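First listed ligand is number 1; within each ligand, the first listed atom is number 1. None of these values were measured; they are calculated from a predicted model.
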Amino acid sequence: MEVDIITTPKGFHCKLCNIDMPNKPSLDEHVKGRKHKTLTDVRATRQAQEERSVFVSGFQKDASQTQLTEYFQRFGDVENVIFDKDKGVYAIVQFSEIEGQQTALSQLVHEINGQRLRVKPREKKGFKLINKKKTDFQNLQEVLERLKPVLVQAETVNEQMHCVVERIQLTENKKNARALLVQLIQEVFTEFFPDSQIMAFGSSVNTFGIHSCDLDLFLDLENTKTFQARAKSSTEPVAEASSDDGRSEDSILSDIDLSTASPADLLELVAAILKKCVPGVHKVQVVASARLPVVKFHYHQLDLQGDISINNRLAVRNTRYLQLCSGLDARLRPLVYTIRYWARQKQLAGNVGGAGPLLNNYALTLLVIFFLQNSDPPVLPTVDQLKAMACEEEECVIEGWDCTFPSQPIAVPPSKNEQDLCVLLAAFFSFYATFDFAGSVISLREGRALPVTSFIGQTREETTQEEEEEEAMEEEQPRQPHNQALKLGPLNLLDPFELSHNVAGNLSERSQLNFQRECQEAEKYCRSLQYLRKSTKGKPWGLVRLFTPHGEGPKHKNQDGSADKDMSISIPFRLALLPEGLRAQLQQAGDDFRPLWFQRVCVAVVQVFQNVLKCGPGSLTEPTPAGDPGHADAAPGSCVSMDATSEELNTSNDSGVAGQDSPRSTAAAAVGTKRPLSSESSDASTSPQGKKARLGRGPKPGAPCWTWSQTHAVWAGRRKVRRELVKETVDSRPEGSSTALETQVTEHILEKQPRVKVPLVFRVQAKLVGATQSTKVLLQIHPPSEGKDHFRDFFHFLEVFLPKMVDTLMETTM
Ligand code: UTP
């Protein structure tokens, strides 16, 4: 079967064209059809172009297309030069033959007018169909343009926030129109399914709706099932059985047994009724592959997109919970609207078509509520506290999950927190700017961050990052049964009721990093006068600047906050990718899992430099740079050269792995707990998550440091060597996924390529960052004083290669 086609419970789905097909004949027809053929051809052309192209950066801002064409022409015929949108940051140089690309890549140094260029293979991007219809994001963008002058005129940030709510919320008129539509659908469905009930949930009714939001409906067939069962068991003829409101069983109920029919069959039926019997409804489509299968439709008169599901009682209940939270504190709505808007602008939320690697609105709202549970004093109670305030009649269990909370806000004492919106908004950003996403599972039930290690053994089959991104781009995964384990990811946010569901399980690592980075940027901005004080000259201030779209604000810094020129590489904590044995050890370590993981990463880092890249020991001749962030916490003596660690190797064997060649012992010795503590995690006690979950309070590791030397350009032309080697062997895995292959590549380069003029002696310092930031190892690379330019290429190679290789080594050897 074609690679683009997947089977689904309801037939087939073409990933390339994003189309569902109910059966094999329609699949065959589709595959032979014009759309599929055209897209297949376009994709093939794009892929061929990618193969023949190089990615170039580092040129002067005013460099022209002709200049780049002229320069690259020497490697092969240049077909096209495409600049980035901002012009001057990067360019794609497209050769007419693949040889041109290879020759360009095999040259180590590239220069135009004395300016060093960086030339890399072009990143391969998956081909995706772009929806030409105006997106929700574009609509919002237009709203902001109209909103800007109004916000600039407001007197305070609080006023601005209320203004955002007023302008983008679902108006009463629209709410009423939606209610009428729900009534119409209800009437039609009652004809076919006596005693059935249609209930709206999600943004239409959860008090956070915006004017373009969709209409989520739940069709409750429980009473209809009872009605049908009663009719069946009755001695009366079926056609004479009647519902509570005196209706007769319709012929549809004679055809289908609701208690045994599959959800897919029921949805087909729902779709047929919608299509044929509800005036104004069109574009009806069953999406059976979603986490919760739905029937999608469009309602012409209101230009409204709707979804009907038949198994979503929990969503109706969590919608009630959001309504309750809004009723508990009037600050929640303006905060959620503002943060949703900000997240849209920064491209952190708003998956097209509901699925994708970004945050969904429900998840974002829960993040706001969790923050408010952790403010001091709390603005909102935890879900467990709410449960304790509910009376007996309010007890509610759905699908085995406890969903009890008071039905009215009056049952809950008001918060003692009096902070105004402006302060709370800034506090939201600082809360998540330093939040340890990788090491925590956010629990609104308990109102605290639980250590991720306590979920080991309860996690679902692990998937790689690539698989996760792909998964996220597909429709959401089918709903998990009650005892199903939690799917851990870069951001773990437990649903307040369905405790096996990670509401942010679709999020890619990149999205999580972007979210945190944007929070850091926003936090910084919120400390400035431009946030707090109205401009007397009518310039953008307060929320207007905060809403600057992604990519239009000041240049971003690296993940660790350092400026671009800093050489640091980060290796994030990704529990799902670790081998089972190590996961078990981390679980045993409890809250102290970080130092143990750090130690293992260091072992792998040493292996990469020593065994895979064949770096030799370097001597420590250069003093530690003053004020160097990498050294800020390291006391004299905490730096270990390779010579020194070799010595330690012979004497220290506390990890239980001995041997002259064992880099594991090397790093284990270097990460001794006697070393000075990193100041990085010392503020854990002030963070709500640190305060409650006591994360990262164990023995803190030091900052081991190694000095290496490299005599060959082991980074240059690796791809070509790998390709040649792969031809001879069966090992065809991608870069960084095979230790043996990468070691062979290095050996080949050492054997065949000349030495570099001056050996590159550089230092690598590892630091564990965590507790109040996402857990990761930060490797600060200190370049040699000689051959710095050469070294930059090595560094760029390491940036990509090292984290991949460390993952591979951790997976295979620990
Ligand atoms: P959305 O994320 O679509 O939120 O989830 P929304 O508030 O309706 O925002 P729009 O529609 O994008 O404007 C819709 C509803 O689906 C349920 C929740 O009830 C949520 O309000 N839901 C969503 C879950 O129960 N679990 C999830 O993981 C996601």
Side-chain angles (χ1 to χ4, degrees), residues 135-137 139-140 143 165 168-170 174-175 178 199-220 287 290-294 296-298 302 304-326 332-333 335-337 339-341 343-344 347-370 383 398-399 401 403 405 442 444 471-472 475-480 484 486-487 489 491-507 511:
T135 61
D136 211 11
F137 179 73
N139 279 332
L140 261 180
V143 174
V165 180
I168 65 173
Q169 71 182 347
L170 201 56
K174 287 202 168 179
K175 274 194 222 162
R178 282 164 186 245
M199 280 176 271
F201 66 93
S203 50
S204 276
V205 286
N206 67 11
T207 72
F208 303 111
I210 61 170
H211 45 64
S212 58
C213 70
D214 57 5
L215 175 65
D216 295 307
L217 298 174
F218 165 57
L219 172 62
D220 188 350
V287 183
R291 189 176 88 90
L292 289 164
V294 291
K296 288 190 175 292
F297 66 90
H298 189 262
L302 300 178
L304 178 68
Q305 182 62 44
D307 283 355
I308 299 188
S309 51
I310 51 168
N311 187 13
N312 214 355
R313 214 174 291 275
L314 277 166
V316 176
R317 189 64 185 162
N318 65 37
T319 297
R320 272 295 304 133
Y321 167 67
L322 297 187
Q323 289 167 344
L324 175 72
C325 289
S326 273
L332 179 62
R333 284 188 77 227
L335 263 177
V336 168
Y337 275 98
I339 289 163
R340 278 191 180 190
Y341 209 141
R344 278 291 176 107
Q347 294 175 24
L348 304 168
N351 292 308
V352 180
L358 306 181
L359 280 165
N360 61 47
N361 277 328
Y362 179 57
L364 200 54
T365 310
L366 294 183
L367 285 176
V368 179
I369 295 178
F370 180 71
V383 178
I398 298 173
E399 292 172 26
W401 301 112
C403 303
F405 51 79
I442 295 171
L444 276 80
E471 235 179 48
E475 286 295 338
E476 285 179 66
Q477 295 302 294
R479 190 179 206 135
Q480 299 304 314
Q484 181 65 51
L486 186 71
K487 178 189 173 192
L491 198 161
N492 303 305
L493 173 58
L494 274 187
D495 186 88
F497 309 105
E498 192 187 350
L499 298 180
S500 64
H501 175 43
N502 177 6
V503 174
N506 64 313
L507 214 67
S511 306

Taking 4.0 angstrom as the limit and counting only heavy atoms of [X], give me the atoms of ligand 1 inside it, by number and element.
X: G202; result: 8 (O), 15 (C), 21 (O)
X: T319; result: 19 (O)
X: N360; result: 2 (O)
X: H501; result: 26 (N), 27 (C), 28 (O)
X: N206; result: 7 (O), 21 (O)
X: C213; result: 13 (O)
X: A315; result: 17 (C), 19 (O), 25 (O)
X: R340; result: 7 (O)

Looking only at heavy atoms, what is the nearest atom pair of [X] and [Y], with distance?
X: Q169; Y: R333; answer: OE1-NH2, 2.8 Å
X: S204; Y: L170; answer: O-CD2, 3.6 Å
X: N492; Y: K487; answer: OD1-O, 4.2 Å
X: V383; Y: P496; answer: CG2-CB, 3.9 Å
X: L493; Y: A363; answer: CD2-O, 3.4 Å
X: I369; Y: C325; answer: CD1-SG, 4.0 Å

| task | Look at ligand 1 and say whether R320 reaches it with a heavy atom at a distance under 4.0 Å. | result |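 The answer is no: ligand 1 sits nowhere under 4.0 Å from a heavy atom of R320.
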| query | Does ligand 1 have an atom that lies less than 4.0 angstrom from a heavy atom of F201? | reply | yes
| Aromatic ring centroids of F497 and F405 under 6.0 Å? | yes
Given [options], which one has a non-hydrogen atom that is nearest to [atom]?
atom: atom 2 (O) of ligand 1; options: Y362, F218, F497; result: Y362
atom: atom 11 (O) of ligand 1; options: L322, L364, D214, D495; result: D214
atom: atom 13 (O) of ligand 1; options: G505, S203, S309; result: S203

| message | Quick check: N318 and ligand 1, any N/O pair under 3.5 Å apart? | response |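 In this structure, N318 places an N or O atom under 3.5 Å from an N or O of ligand 1.
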| task | Given side-chain contact (heavy atoms from CB on, under 4.5 Å), test F208 with L332 step by step and report yes or no. | result | CA-CA 10 Å; F208 303 111; L332 179 62; 3.7 Å; yes
| said: Using side chain to side chain donor-acceptor pair (under 3.5 Å), reason through D495 and Y362 one step at a time and then give a plain yes or no. | reply: CA-CA 10 Å; D495 186 88; Y362 179 57; 2.8 Å; yes
| Region of I210 that comes within reach of ligand 1 [heavy atoms, distance under 4.0 Å] |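 The answer is neither; I210 stays 4.0 Å or more away.
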| How does D216 reach ligand 1, if at all, at less than 4.0 Å between non-hydrogen atoms: by side chain, backbone, both, or neither? |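 Under 4.0 Å from ligand 1, D216 contributes side-chain atoms alone.
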| Can you tell which of N318, L314, V316 makes a side chain to side chain contact (heavy atoms under 4.5 Å, CB included) with I398? |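 Of N318, L314, V316, side chain to side chain contact (heavy atoms under 4.5 Å, CB included) with I398 is met by L314 alone.
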